[in-house]
Amino acid sequence: MKSKTLLNKIILILITLLQSTYILLEIKKDIFIGMKNLEQVQIKERMAISKVQVYLNELMILLVISMVVWLIVNRKKDLFVKNLKNNILFIIFLCAITCIISYVLNLPIGNVLENIWILFIVNIFLIIYYIYKIF
């Protein structure tokens, strides 16, 4: 039972690390926005950062899908409810922190949230399913 919750926690930690990396890359990319005359090297660097962010986005979606599949496969009531509560709290926390960081650092919120947009949808689905499980 502990190994099943451990895998869920590992997935959540990986999602957090990917989101943190994505935000750091967005900060690095955002540094160039304030400059009026971008040189060719800086434009290429921004493009390279954007390409890495696309890969991070794809990995994030795979992890979110694996998180949902993991919940569905392990649907023993106690384990499922525990993992589900953890995932709902985690998703709310991660999205809130991302929004706060975006606001404080004046980052374009659309760019920063684009890789975790699916978490909002998954969060709504998980909350509905959790309410359904209770009643």
Side-chain angles (χ1 to χ4, degrees):
M1 184 154 155
K2 288 194 177 211
S3 65
K4 292 181 180 181
T5 58
L6 181 65
L7 184 60
N8 188 58
K9 288 178 183 176
I10 289 172
I11 291 171
L12 296 177
I13 289 169
L14 288 173
I15 290 172
T16 305
L17 289 174
L18 286 175
Q19 179 63 10
S20 301
T21 306
Y22 193 95
I23 290 173
L24 290 173
L25 288 173
E26 190 64 36
I27 291 169
K28 185 174 181 179
K29 193 168 76 173
D30 196 49
I31 291 171
F32 298 125
I33 290 175
M35 304 173 84
K36 291 185 179 179
N37 297 322
L38 292 178
E39 295 177 9
Q40 191 69 23
V41 175
Q42 292 168 325
I43 293 171
K44 285 182 181 179
E45 187 172 345
R46 276 197 88 200
M47 290 172 62
I49 291 171
S50 294
K51 190 174 184 179
V52 170
Q53 286 178 313
V54 168
Y55 294 134
L56 288 176
N57 188 10
E58 291 170 359
L59 281 172
M60 181 79 72
I61 290 172
L62 286 174
L63 284 172
V64 170
I65 290 169
S66 66
M67 179 178 75
V68 172
V69 168
W70 184 248
L71 280 172
I72 292 169
V73 168
N74 296 299
R75 48 181 190 260
K76 286 184 183 176
K77 186 171 181 172
D78 296 337
L79 181 65
F80 181 82
V81 170
K82 181 179 180 182
N83 283 338
L84 188 60
K85 285 180 183 177
N86 288 341
N87 290 356
I88 290 170
L89 291 173
F90 162 76
I91 291 169
I92 292 170
F93 177 76
L94 182 63
C95 292
I97 291 296
T98 300
C99 289
I100 290 169
I101 289 172
S102 298
Y103 180 74
V104 169
L105 296 177
N106 202 20
L107 296 174
I109 194 142
N111 291 350
V112 179
L113 288 178
E114 73 180 353
N115 65 319
I116 57 170
W117 65 268
I118 195 169
L119 285 176
F120 290 113
I121 297 167
V122 170
N123 195 22
I124 292 168
F125 169 76
L126 292 177
I127 290 170
I128 291 170
Y129 193 77
Y130 178 66
I131 292 170
Y132 174 76
K133 281 290 241 190
I134 289 174
F135 297 111

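All values derive from a computational prediction rather than experimental measurement. For this chain, numbers begin at 1 and follow the sequence in order.
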> Roughly how far, to the nearest 0.5 Å, is CG of Leu63 from CE of Met67?
Replying inline: 9.0 Å

> Would you say Lys28 and Arg46 make side-chain contact, with heavy atoms under 4.5 Å?
Replying inline: no

> When rounded to the nearest 0.5 angstrom, what distance separates CD1 in Ile49 from CG in Leu24?
Replying inline: 11.0 Å

> Can you find a pair of side-chain heavy atoms, one from Leu14 and one from Lys9, that are under 4.5 Å apart?
Replying inline: no

> How long is the gap from CG on Leu105 to CD on Glu26, to the nearest 0.5 Å?
Replying inline: 11.0 Å

>> Check for me, please, whether Leu18 and Ile10 land in the same ILVMFWY cluster - side-chain distances under 4.5 Å, paths through other members count.
In response: yes

> Shared ILVMFWY cluster between Tyr103 and Leu94, side chains joined below 4.5 angstrom?
Replying inline: no

> Val68, Leu6: one ILVMFWY side-chain cluster at the under-4.5 Å cut-off?
Replying inline: yes

> Does the side chain of Phe90 come within less than 4.5 Å of Thr16's, by heavy atoms?
Replying inline: yes

>> How long is the straight-line distance from CD1 of Ile101 back to CD of Gln19, given to the nearest 0.5 Å?
In response: 8.0 Å

>> Any non-hydrogen side-chain atom of Gln53 less than 4.5 Å from a side-chain atom of Asn57?
In response: no

> When rounded to the nearest 0.5 angstrom, what is the spacing between OG in Ser20 and CG in Leu17?
Replying inline: 6.0 Å

> Can you list the steps and then say if Met60 with Leu56 is a side-chain contact (heavy atoms from CB on, under 4.5 Å)?
Replying inline: CA-CA 6 Å; Met60 181 79 72; Leu56 288 176; over 6 Å; no

>> Taking the side chain as everything from C-beta on, heavy atoms only, tell me whether Val64 gets closer than 4.5 Å to Ile11.
In response: no

> Are Ile92 and Ile15 connected in a single hydrophobic cluster, I mean Ile/Leu/Val/Met/Phe/Trp/Tyr linked by side-chain heavy atoms less than 4.5 Å apart?
Replying inline: yes

> Applying the side chain to side chain contact (heavy atoms under 4.5 Å, CB included) test to Ile23, which of Leu25, Thr21, Ile27 qualifies?
Replying inline: Ile27

> Would a hydrophobic clustering, with Ile, Leu, Val, Met, Phe, Trp and Tyr connected at side-chain separations under 4.5 Å, put Ile91 with Ile121?
Replying inline: yes

